[in-house]
Amino acid sequence: MHHTDNTITARVIAVHKDRWQLHREQGDLYARLKTKEYYKGTELFPTVGDYVTVQYIENGDSQILATLPRRTVFTRREPGPVPREQAVAANFDYVFILQSMNQDFNPKRLERYLTLAWESGAEPVVILTKADLAEDPRSFVTAAESVAMGVAVHGVSAHTGSGLDRLSGYLQPGKTV
C-alpha cells in the first residue's frame, strides 16, 4: 500500500472536551490526541494558541501527534488531589489587561494581572475602558501608569471610538493578543 506523509502543522483555536479545533491557511479542521503520545508519553496537552503537528485525515478527525514548543504561556492551577499547572493559552505577543474607568477600577488587581502577564513571557498593555463615562479620564490613566511602570496605558471608549486607533499597532498580522 502506498503511504503518503500527511503530517501538517496547525494552530489550536478552540478546545472542546476531547476534540481540538485547528486552523491553517487552507482552512479549519478538527483533531483528537494520539493516545500513546499524550496519555502514556510526555507531550504537553495542547491549548488555545499552541502550534501542533497533525496527521491530517481528510474526511474525519485528524490526529495530533505533538505540541510544538511555546514562546509564551498562561497557566492556572488545575483543581484536584494532585495540584498541576494547566496551560490556558500559549504563543501570544501581547496581553491586554482591561479595566473600566469607574468604581471597578482597582490598582491592586491591576498589579496582580500585570505580574501574571509578565510571568507569561508576553508584553502587557493596559487598556482603560469607558473613558466617555469618566469625569476625569486622565486621573485613571495616571493612576494606572503609576502601578504599570514602563507599560503602555491607553484610555479608550468603545461607545465613542475614542483612543481605539492607538490599539492598531498591536493588532498586526502575525501577532497574537
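Position 1 is the first residue of the sequence; numbering continues from there.
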*Would you check if the side chain of Thr67 reaches a backbone N or O of Leu44 as a donor-acceptor pair within less than 3.5 Å?*
yes

*Between Ala66 and Tyr38, what is the shortest heavy-atom contact and its length?*
C-OH, 3.1 Å

*asked:* Let me confirm one number: the OH-CD distance from Tyr30 to Gln21, rounded to the nearest 0.5 Å.
replied: 3.5 Å

*Mind checking whether Gln55 and Thr7 have side chains closer than 4.5 Å, heavy atoms only?*
yes

*Quick one: list whatever passes side chain to side chain contact (heavy atoms under 4.5 Å, CB included) with Ile8, sequence neighbours left out.*
Arg24, Leu29, Val54, Tyr56

*asked:* Hydrophobic clustering (ILVMFWY, side-chain heavy atoms < 4.5 Å, transitive) - are Leu22 and Phe45 grouped together?
replied: yes

_Between Arg109 and Asp104, does the salt bridge (Lys or Arg N to Asp or Glu O under 4.0 Å) criterion hold? Intermediate values first, please._
CA-CA 10 Å; Arg109 185 172 58 219; Asp104 291 334; 5.7 Å; no

*Can any side-chain N or O of Thr115 pair as donor or acceptor with the backbone N or O of Glu111 at less than 3.5 Å?*
yes

*Which pair of heavy atoms, one from Pro46 and one from Val15, lies closest together, and at what distance?*
O-CG2, 4.3 Å

*asked:* So, using side chain to side chain contact (heavy atoms under 4.5 Å, CB included) as the criterion, who are the partners of Phe92 when residues are at least two apart?
replied: Thr72, Phe74, Ala89, Val95, Ser120, Ala122, Thr176

_Surrounding OH of Tyr94 (heavy atoms of other residues, nucleotides or ligands, distance under 6.0 Å), is the total greater than 12?_
yes

*Is there side-chain contact between Trp20 and Leu33, with at least one heavy-atom pair below 4.5 Å?*
yes

_Show the nearest heavy-atom pair for residues Ala117 and Pro124, with the distance to one decimal._
CB-CB, 3.7 Å

*Over all heavy atoms of both residues, which pair between Val48 and Ala14 is shortest? Give the atoms and the distance, please.*
CG2-CA, 4.1 Å

*Min side-chain heavy-atom separation Arg112-Leu116 under 4.5 Å*: no

*First locate atom CD of Gln63, then atom CZ of Arg32, and finally report the distance between them rounded to the nearest 0.5 Å.*
10.5 Å

*Does Gln172 use its side chain to pair, donor to acceptor, with the backbone of Ser168 at less than 3.5 Å?*
yes

*Got Thr75 and Val73 here, is their nearest side-chain heavy-atom distance under 4.5 Å?*
yes

*Which atom names give the shortest non-hydrogen contact between Ile64 and Ala31, and what distance separates them?*
CG1-CB, 3.6 Å

_Evaluation steps, side-chain contact (heavy atoms from CB on, under 4.5 Å), between Gln86 and Arg77_ = CA-CA 6 Å; Gln86 178 190 29; Arg77 300 213 30 124; over 6 Å; no

_Consider side chain to side chain contact (heavy atoms under 4.5 Å, CB included). Of Ile97, Val153, Leu164, Leu98, which one does Ile127 pass it with?_
Leu98

*Side-chain contact, heavy-atom cut-off 4.5 Å: Asn6 with Ile57?*
no

*Determine, using the 4.5 Å side-chain heavy-atom cutoff (strictly less than), whether Phe105 and Val126 are members of one ILVMFWY cluster.*
yes

*Counting heavy atoms not belonging to Gln26, are there more than 12 under 6.0 Å from its CD?*
yes

*Taking Arg166 for its side chain and Gly155 for its backbone only, find out whether a donor-acceptor pair lies under 3.5 Å.*
yes

*asked:* As a quick check of understanding, evaluate salt bridge (Lys or Arg N to Asp or Glu O under 4.0 Å) for Arg11 and Asp50, giving each step before the final call.
replied: CA-CA 6 Å; Arg11 192 166 196 194; Asp50 270 327; over 6 Å; no

*asked:* Between Ser100 and Asn102 (side chain of the first, backbone of the second, donor and acceptor by atom type, cut-off under 3.5 Å), is there such a pair?
replied: no

*Tell me the salt bridge (Lys or Arg N to Asp or Glu O under 4.0 Å) pairs involving residues 133-154, sequence neighbours left out?*
Arg138-Glu145

*For the pair Thr47 (side chain) and Ala87 (backbone), establish whether a donor and an acceptor sit closer than 3.5 Å, ignoring hydrogens and angles.*
yes

_Donor-acceptor pair, distance only, cut-off 3.5 Å: does the side chain of Gln99 make one with the backbone of Asn106?_
yes

*asked:* On a heavy-atom basis, which atom in Arg70 and which in Asn91 lie closest, and how many Å separate them?
replied: CA-OD1, 3.3 Å

_Flag side-chain contact, heavy atom, 4.5 Å: Leu68 against Thr9_ = yes

*asked:* Side chains of His23 and Asp28 only: does a donor on one sit below 3.5 Å from an acceptor on the other?
replied: yes

